[in-house]
Amino acid sequence: MSVAQSWQQCRTAQFSALSSASGTVITVDGELDAANSDQLAVYAAHRARHAGRVILDLRELDFIGTAGFSALHRINVVCSGAQVSWAMVPSPAVGRLLRVCDPDGTLPVTTPGDEPLLRHAARPLLQLVAQAR
């Protein structure tokens, strides 16, 4: 199995992608707001063109503003246009925003247990030293 990884740091967030033959997992850490949401949409759109499935792992996202919701909508449009299946795994902050901005549940949401791609992009099980934020 061939696996490729990429990473991008921008202001208050960092994006990383792990791609395999099964699809791509894009992990977002930090805060998603007007300063960096366009960069996430472009980053995800570029990776969606080369993937059969995209999972946007937002579990480590501490904050998301309305510009972040717009980026999620843009990702939805790009994936739909490219006929790429996608879903997001929300953090509590993302869940709150979705309840307000997407009450009908039009954006696809999944859970770690329901998503086989997340098994390939395993997170560390044990953190010995707290990460500085």
Side-chain angles (χ1 to χ4, degrees):
M1 171 175 64
S2 173
V3 176
Q5 188 167 15
S6 70
W7 177 83
Q8 180 175 341
Q9 175 89 32
C10 61
R11 298 211 179 174
T12 57
Q14 85 177 19
F15 318 135
S16 62
L18 185 62
S19 298
S20 69
S22 308
T24 298
V25 175
I26 299 171
T27 303
V28 183
D29 295 329
E31 300 177 354
L32 192 58
D33 53 26
N36 56 20
S37 60
D38 284 341
Q39 290 150 323
L40 173 61
V42 169
Y43 185 84
H46 176 71
R47 273 130 196 96
R49 290 186 206 127
H50 309 289
R53 177 146 175 85
V54 173
I55 297 300
L56 197 56
D57 185 354
L58 305 176
R59 292 178 288 175
E60 296 297 320
L61 202 59
D62 299 320
F63 171 83
I64 182 169
T66 55
F69 177 76
S70 294
L72 295 176
H73 180 70
R74 286 174 50 198
I75 292 166
N76 189 48
V77 169
V78 166
C79 287
S80 178
Q83 297 181 345
V84 171
S85 170
W86 85 283
M88 72 179 107
V89 180
S91 69
V94 175
R96 285 189 297 274
L97 183 73
L98 291 175
R99 282 191 297 279
V100 172
C101 295
D102 188 29
D104 297 328
T106 57
L107 295 178
V109 175
T110 190
T111 65
D114 290 338
E115 190 46 58
L117 276 178
L118 288 176
R119 291 185 202 117
H120 297 294
R123 294 179 165 274
L125 297 176
L126 180 62
Q127 181 177 334
L128 298 176
V129 179
Q131 294 177 347
R133 292 236 180 199

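Residue indices begin at 1 and follow the sequence shown.
Residues Pro103 and Cys101 come closest through the heavy atom pair CD-C, 3.4 Å. Across all non-hydrogen atoms, the minimal contact from Val94 to Met88 is CG1-SD, 4.1 Å. Pairing each heavy atom of Ala13 with each of Glu31, the nearest pair is CB-O, 3.3 Å. Taking each heavy atom of Pro90 and Thr110 in turn, the nearest pair found is CD-O, 3.8 Å. The minimum heavy-atom distance linking Ala71 with Ser37 is given by the pair CB-O, 3.4 Å. Asn76 and Pro108 get closest at one heavy-atom pair: OD1-CD, 3.9 Å.
At least one side-chain heavy atom of Val77 sits less than 4.5 Å from a side-chain heavy atom of His73.
For Arg74, the side chain to side chain donor-acceptor pair (under 3.5 Å) test picks out Asp38, with sequence neighbours left out. Remark: Thr111 pairs with Asp114 by the side chain to side chain contact (heavy atoms under 4.5 Å, CB included) rule, at least two apart or across chains.
We find the CG-CZ distance between Leu107 and Phe69 to be 5.0 Å, quoted to the nearest 0.5 Å. Distance check: Leu58 CG to Asp29 CG gives 9.5 Å after rounding to the nearest 0.5 Å. Note that the CZ atom of Arg96 and the OG atom of Ser91 stand 7.0 Å from one another [nearest 0.5 Å]. Note that the OG1 atom of Thr12 and the CG atom of Leu32 stand 7.5 Å from one another [nearest 0.5 Å].
Cluster annotation: Val109 and Ile26 are assigned to the same hydrophobic cluster (Ile/Leu/Val/Met/Phe/Trp/Tyr, side-chain heavy-atom contacts under 4.5 Å, transitive). Under the 4.5 Å side-chain heavy-atom criterion for grouping Ile, Leu, Val, Met, Phe, Trp and Tyr, Tyr43 is not connected to Val78 through any hydrophobic cluster.
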- [ ] Apply side chain to side chain contact (heavy atoms under 4.5 Å, CB included) to the pair Leu40 and Ile75, showing each step before the final yes or no.
- [x] CA-CA 9 Å; Leu40 173 61; Ile75 292 166; 4.3 Å; yes

Open item on the list: Please determine whether side chain to side chain contact (heavy atoms under 4.5 Å, CB included) holds for the pair Asp102 and Leu72, giving the CA-CA distance in whole Å, both sets of side-chain angles, and the decisive distance to 0.1 Å.
Closed with: CA-CA 11 Å; Asp102 188 29; Leu72 295 176; over 6 Å; no

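Sequence neighbours left out, not one pair with a member in residues 18-27 passes salt bridge (Lys or Arg N to Asp or Glu O under 4.0 Å).
In terms of modelled atom types and a separation under 3.5 Å, the side chain of Asp104 and the main chain of Thr106 share no donor-acceptor contact.
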